[in-house]
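Atoms considered below: every heavy atom in the structure, side chains included; atoms not considered: hydrogens, waters and symmetry mates. As the structure lists them, so they are numbered: ligands from 1, and atoms in each ligand from 1.
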Amino acid sequence: MMRTRPLKVALLGCGVVGSEVARIMTTHAEDLAARIGAPVELAGVAVRRPSKVRAGIDPALITTDAMALVKRGDIDVVVEVIGGIEPARTLITTAFEHGASVVSANKALLAEDGTTLYEAAERHGRDLYFEAAVAGAIPLVRPLRESLAGDKVNRVLGIVNGTTNFILDRMDTAGSGYSEALDEATALGYAEADPTADVEGFDAAAKAAILAGIAFHTRVRLDDVHREGITEVTSADLASAQKMGCTVKLLAICERAADGLSVTARVHPAMIPLSHPLASVREAYNAVFVEAEAAGRLMFYGPGAGGAPTASAVLGDLVAVCRNKLADATGPGESAYTQLPVGAMGEVVTRYHISLDVADKPGVLAQVATVFAEHGVSIDTVRQKGRQDGDGEAALVVVTHRAPDAALSGTVEALRKLDTVRGVASIMRVEGE
Ligand code: NDP
Ligand code: HSE
């Protein structure tokens, strides 16, 4: 039976994502009503610039007073696609107080202070859904929160930022410059309002915090995630990766420690072999592997950014939340019962690819190898090439076996102190083998 009284939706933000949410709500109104069991009505749209022309949106719905909109009391669902910490956090908690459930795409806020949001939702008996906050259109949050709720997840690894994947892909395959590729990603609506969040790894780290929290049923905040962006990845790194049969990707890796007593979460560029499925993830696409005890290895792949793909995830949540409203029920809340501590980066076991500029003279290779041995780091391969200009220097590329990150960084520190090491040209972790 279709209920005739519509469910009222307040849209906070009408930019890249919000405008697509409004468009799909209008064009698919009948299907959405049939799937939910009641029509959904756009009851108000909060923006910063009211005079901006917004195609397909009744100007009477536009307001700059987002707080008044969420306090109206007749709003069933608030869709928050403003972004940032404030006023988004206060608007969401106020929406809960005034009877609305919330759908949000705001990974920055969820990673910074998800606990406040979860607690407010629970206190007022409302839903908090956020599929769009991680990996754009890809269903990943709901599979982790619901489909895998009976399994034990041990590892989540993948590409979760479309902008940086787009930039690295363009640099690798089209020879584009870094700035040119970033401008293109911004024009396509992939980048955050401040693209520093993308290129410095904050956006991916926020997503890693969210994924680690729901995968391991514990609390992981943005500050717990080791973070390195792509601003120091050079064309030389990409060329060096190609020589090794690899490419460079910005990876988010969340792992349960082998003893099961802690977890780690990290974001950094890494070399991965071309044979690995993540190597063929191009443009702004995302892909995430989830390794669970009983399910084994699952791969999620799809568009990770952009207005329409992200709106798809928002609309999926909107349907779920509206159905819950009609059933007078709520979906899953926070599950953080394991209270596992988050370990430091030094505890992570990984491999390094290190490029050194060294003096081209007898005994240097042995000196370098000794430093690795002293730190308990085993060398996998070494490649040395004397420079053509005969300046007495050689380029030495060392790839290690797996070792704790603390031992690897200690090795690099000691190498820098050798007189015969003129410089450390690049250090990159190697993953995916
Ligand atoms: P935009 O910058 O394109 O849009 C932001 C919108 O919020 C604009 O309509 C802006 O108004 C409005 N706004 C900003 N501040 C206020 C305020 N104080 N009161 C009322 N309205 C305000 O951002 P996106 O659409 O790209 O991103 C929105 C959210 O979705 C972010 O949390 C982002 O991280 C997330 N997200 C984005 C994805 C993407 O591919 N773009 C993918 C996944 C998630 P005005 O139009 O007047 O400027
Ligand atoms: N800026 C983000 C990205 C948007 O590039 O992945 C999607 O979360």
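Expressed to the nearest 0.5 Å, how far CD1 of Ile427 lies from OG of Ser409 amounts to 8.5 Å. Rounding to the nearest 0.5 angstrom, the gap separating the CG atom in Asp65 from the NZ atom in Lys71 is 8.5 Å. In this structure, Leu61 CG and Glu41 CD are separated by 8.0 Å, a value rounded to the nearest 0.5 Å. Note that the OH atom of Tyr118 and the CG atom of Leu128 stand 6.5 Å from one another [nearest 0.5 Å]. Here CD1 of Ile167 is found 10.0 Å from CG of Leu250. Values are rounded to the nearest 0.5 Å. Separating the CG atom in Leu238 from the CE atom in Met428 is a distance of 7.0 Å, to the nearest 0.5 Å.
Atom 11 (O) of ligand 1 is flagged as protein-proximal [any protein heavy atom, distance under 4.0 Å]. There is no protein heavy atom less than 4.0 angstrom from atom 2 (O) of ligand 1.
Neither the backbone nor the side chain of Met67 comes within contact range of ligand 1; no heavy atom lies under 4.0 Å. Heavy atoms of Asp203 found under 4.0 angstrom from ligand 2 belong exclusively to the side chain. Looking at Thr310 against ligand 1, only its side chain comes within 4.0 Å, counting heavy atoms.
Protein heavy atom at the shortest distance from atom 13 (N) of ligand 1 is Ile82 CG2, 3.9 Å. In this structure, the protein non-hydrogen atom closest to atom 28 (C) of ligand 1 is Val81 O, 3.2 Å. When only non-hydrogen protein atoms are considered, atom 30 (O) of ligand 1 lies nearest to Ala105 CB, 3.5 Å. Counting only heavy atoms of the protein, atom 7 (C) of ligand 2 lies nearest to Gly304 O, 3.3 Å. Protein heavy atom at the shortest distance from atom 6 (O) of ligand 2 is Gly162 N, 2.7 Å. For atom 8 (O) of ligand 2, the closest heavy atom belonging to the protein is Lys107 NZ, 2.5 Å. Of the protein's non-hydrogen atoms, Thr163 OG1, 2.6 Å is the one closest to atom 5 (O) of ligand 2. Looking only at heavy atoms of the protein, atom 4 (O) of ligand 1 is closest to Gly15 CA, 3.4 Å.
Summarising the contacts of atom 47 (O) of ligand 1 with Lys207, Arg49, Lys107, the nearest heavy atom is found in Arg49. The option with the heavy atom closest to atom 38 (C) of ligand 1, from among Leu109, Asp203, Val16, Val17, is Val17.
Atoms of ligand 2 found under 4.0 Å from any heavy atom of Asp198 (numbered from 1 in listed order, with element): 1 (N), 2 (C), 3 (C), 5 (O). Contact atoms of ligand 1 toward Gly189: 39 (C), 40 (O), 41 (N) (distance under 4.0 Å to a heavy atom of the residue). Taking a cut-off of under 4.0 Å to the non-hydrogen atoms of Lys207, the atoms of ligand 2 that pass are 2 (C), 3 (C), 6 (O), 7 (C), 8 (O). In summary, the atoms of ligand 2 found under 4.0 Å from a heavy atom of Asn161, numbered by their order in the structure, are 2 (C), 3 (C), 5 (O), 6 (O). For ligand 1 and Gly83, the ligand atoms under 4.0 Å from any heavy atom of the residue are 31 (C), 32 (O). Close approach of ligand 1 to Cys14 (heavy-atom distance below 4.0 Å) involves ligand atoms 6 (C), 8 (C), 9 (O). Interface atoms of ligand 1 facing Gly13, defined by a heavy-atom separation under 4.0 Å, are 6 (C), 7 (O), 9 (O), 12 (C). With ligand atoms numbered from 1 in the order given, ligand 2 contributes 1 (N), 2 (C), 3 (C), 4 (C), 5 (O) to contacts under 4.0 Å with heavy atoms of Tyr190. Residue Gly306 approaches ligand 1 through these ligand atoms, each under 4.0 Å from one of its heavy atoms: 39 (C), 40 (O). Close approach of ligand 1 to Ala132 (heavy-atom distance below 4.0 Å) involves ligand atoms 43 (C), 44 (C). Every atom of ligand 1 with a heavy atom of Pro87 under 4.0 Å away is listed here by number and element: 18 (N). For ligand 1, the atoms sitting less than 4.0 Å from at least one non-hydrogen atom of Ala305 are 40 (O), numbered in the order shown with element in parentheses.
Of all the heavy atoms in Ser235 and Met171, the pair that sits closest is N-CE, 4.3 Å.
Two residues are said to be in side-chain contact when any heavy atoms from C-beta on lie closer than 4.5 Å; Leu340 and Ser262 fail this criterion. A heavy-atom distance below 4.5 Å is found between the side chains of Val21 and Leu11. Within the 4.5 Å cutoff, side-chain heavy atoms of Val77 are placed close to those of Cys322. Looking only at side-chain heavy atoms (C-beta outward), Leu91 and Glu80 stay at 4.5 Å or farther from each other. Taking the side chain as every heavy atom from C-beta outward, Leu140 and Val290 approach each other to under 4.5 Å.
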So His28 and Glu30, side chain to side chain donor-acceptor pair (under 3.5 Å) or not? Walk me through it. CA-CA 6 Å; His28 293 190; Glu30 280 183 25; over 6 Å; no
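Classification of Lys249 and Glu431 as a salt-bridged pair fails, no side-chain N sitting under 4.0 Å from a carboxylate O. With respect to the salt-bridge test (charged N to carboxylate O, under 4.0 angstrom), the residues Arg266 and Asp405 do not qualify.
The shortest N or O to N or O distance between Glu192 and ligand 2 is under 3.5 Å. Below 3.5 Å of separation, one finds no N or O of Thr64 facing any N or O of ligand 1. Between Arg54 and ligand 1, a contact under 3.5 Å exists for at least one N or O pair.
Between His401 and Tyr352, the distance separating the two ring centers is not shorter than 6.0 angstrom.
Between His217 and Tyr337, the two ring planes are tilted [angle within 30° to 60°].
Residue contact annotation: Glu192 has a non-hydrogen atom under 4.0 Å from ligand 1.
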Side chains of residues 191-203: which donor-acceptor partners sit under 3.5 Å, not counting sequence neighbours?
{"from": "Glu192", "atom 1": "OE2", "to": "Lys107", "atom 2": "NZ", "distance (Å)": "3.1"}
{"from": "Asp194", "atom 1": "OD1", "to": "Thr196", "atom 2": "N", "distance (Å)": "3.0"}
{"from": "Asp194", "atom 1": "OD1", "to": "Thr196", "atom 2": "OG1", "distance (Å)": "2.6"}
{"from": "Asp198", "atom 1": "OD1", "to": "Asn161", "atom 2": "ND2", "distance (Å)": "2.8"}
{"from": "Asp198", "atom 1": "OD2", "to": "Glu192", "atom 2": "N", "distance (Å)": "2.7"}
{"from": "Asp203", "atom 1": "OD1", "to": "Lys107", "atom 2": "NZ", "distance (Å)": "3.1"}
{"from": "Asp203", "atom 1": "OD2", "to": "Asn161", "atom 2": "ND2", "distance (Å)": "2.8"}
{"from": "Asp203", "atom 1": "OD2", "to": "Lys207", "atom 2": "NZ", "distance (Å)": "2.6"}

